[in-house]
Amino acid sequence: QVQLMESGGGLVQPGGSLRLSCAASGRIRSINAMGWYRQAPGKQRELVARITSGGNTNYADSVKGRFTISRDDAKNTVYLQMSSLKPEDTAVYYCNADIQPAYLVSSINYWGQGTQVMVSS
């Protein structure tokens, strides 16, 4: 069974940095796009950043210049380096990926369980 597992969340002061990681595990044939979403209390889940299998990236306007998404295909892992964090970045961050399991001919969209990021002094 394919799973996504996030790590790296926590409490950080405004202006600080955090790096989130998300590792895919299981019987995987290939991984296409990977991304990070976030959901703050009382708000809808929103796209933060996304990276294709070819390395093309896109970011939410609110995080451009502060966050960087990257991936290590050898480790089936996607990262989100977050810098200059602001209180409004506080949210649960979810990993998302389009993965083709070894036992299927098509891809499935998977979600991780989420990791809490809190930016506060």
Side-chain angles (χ1 to χ4, degrees):
Q1 184 175 355
V2 174
Q3 290 183 321
L4 296 176
M5 182 63 69
E6 302 104 333
S7 62
L11 173 64
V12 63
Q13 292 187 342
S17 298
L18 277 177
R19 189 175 85 151
L20 305 182
S21 300
C22 172
S25 62
R27 296 176 59 203
I28 296 171
R29 184 183 304 275
S30 66
I31 301 178
N32 301 313
M34 305 182 82
W36 291 93
Y37 288 72
R38 67 186 180 187
Q39 187 166 20
K43 295 188 176 181
Q44 289 188 332
R45 191 173 296 189
E46 63 175 0
L47 174 67
V48 176
R50 186 174 177 272
I51 184 167
T52 68
S53 56
N56 294 316
T57 59
N58 65 286
Y59 296 90
D61 288 343
S62 59
V63 306
K64 283 181 181 177
R66 300 188 299 121
F67 291 10
T68 301
I69 190 170
S70 61
R71 59 191 287 169
D72 184 338
D73 290 335
K75 297 180 179 179
N76 288 341
T77 299
V78 63
Y79 305 97
L80 185 68
Q81 178 67 48
M82 305 185 292
S83 303
S84 302
L85 282 161
K86 305 175 181 180
E88 50 263 43
D89 294 317
T90 295
V92 178
Y93 284 70
Y94 296 91
C95 177
N96 178 267
D98 291 323
I99 298 174
Q100 182 184 11
Y103 46 89
L104 292 178
V105 296
S106 59
S107 295
I108 298 175
N109 190 254
Y110 290 90
W111 289 93
Q113 293 291 325
T115 184
Q116 177 72 53
V117 171
M118 181 170 289
V119 184
S120 175
S121 55

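Contact of the L18 side chain with the V117 side chain is registered, since non-hydrogen atoms from C-beta on lie closer than 4.5 Å. Counting heavy atoms from C-beta on, the side chains of S17 and V12 never come closer than 4.5 Å. With a 4.5 Å cut-off on side-chain heavy atoms, N76 and I28 count as touching. A 4.5 Å side-chain heavy-atom check between D61 and Y59 finds every atom pair outside the cut-off. For the pair R27/P101, no side-chain contact is recorded, criterion being any heavy-atom separation below 4.5 Å from C-beta on.
Residues K86 and D89 are not paired through a salt bridge, judged by the lack of any N-O separation under 4.0 Å between the basic side chain and the carboxylate.
Criterion: ILVMFWY side-chain heavy atoms under 4.5 Å apart, direct or through other members. Under it, I51 and Y79 are not part of a common hydrophobic cluster. Under the 4.5 Å side-chain heavy-atom criterion for ILVMFWY residues, a single connected hydrophobic cluster contains both L85 and V48. Note: the hydrophobic cluster containing M34 does not contain Y94 (ILVMFWY, side chain heavy atoms under 4.5 Å, direct or indirect links). Both L20 and Y110 are assigned to one and the same hydrophobic cluster, defined by single-linkage of ILVMFWY side chains at heavy-atom distances under 4.5 Å.
For Y103 against Q1, the heavy-atom pair with the smallest separation is OH-CA, 4.3 Å. Pairing each heavy atom of K43 with each of Q39, the nearest pair is O-NE2, 3.1 Å. The minimum heavy-atom distance between S121 and P14, with the atom names listed, is N-CD, 3.7 Å. Counting all heavy atoms, side chain and backbone alike, S84 lies closest to R66 at O-NH1, 2.9 Å.
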Pair R71-D73, salt bridge (charged side-chain N to carboxylate O under 4.0 Å, His left out): steps then yes or no:
CA-CA 6 Å; R71 59 191 287 169; D73 290 335; 2.8 Å; yes

Before you tell me yes or no, could you show the steps for T77 and C22 under side-chain contact (heavy atoms from CB on, under 4.5 Å), namely the whole-Å CA-CA distance, both residues' side-chain angles and the distance that decides it to 0.1 Å?
CA-CA 5 Å; T77 299; C22 172; 5.7 Å; no

How far apart are the C-alpha atoms of N32 and S107, what are their side-chain angles, what is the distance that settles it, and do they pass the side-chain hydrogen bond (donor to acceptor under 3.5 Å, both in side chains) test?
CA-CA 8 Å; N32 301 313; S107 295; 3.0 Å; yes

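Within a 6.0 Å sphere centred on CD of Q113, heavy atoms belonging to other residues, nucleotides or ligands number 12 at most. Heavy atoms of other residues, nucleotides or ligands lying less than 6.0 angstrom from CD of Q44 number 12 at most.
Counting only distance, with no hydrogens or angles, the side chain of T90 and the backbone of V119 share a donor-acceptor pair below 3.5 Å. Formation of a donor-acceptor pair under 3.5 Å by the E6 side chain with backbone atoms of G114 is found in this model. Between the side chain of Q116 and the backbone N or O of A91, at least one donor-acceptor pair lies under 3.5 Å.
Rounded to the nearest 0.5 angstrom, Q81 CD and S70 OG are separated by 8.5 Å. To the nearest 0.5 Å, atom OG1 of residue T115 and atom CE of residue M5 are 10.5 Å apart. Interatomic distance, OG1 of T52 versus CD1 of I31, reported as 13.0 Å (0.5 Å rounding). One finds the CD1 atom of I69 at 8.0 Å from the CH2 atom of W36 (value rounded to the nearest 0.5 Å). Residue N96 holds its CG atom at 9.0 Å from CG of L47, rounded to the nearest 0.5 Å. Rounded to the nearest 0.5 Å, atoms CG (D98) and CG (N109) are 4.5 Å apart.
Checking S30 against Q100 by side-chain atom types alone, a donor-acceptor pair falls below 3.5 Å. A side-chain donor-acceptor contact under 3.5 Å links R38 and Y93.
Checked against the 6.0 Å centroid threshold, Y37 and W111 count as a close aromatic pair.
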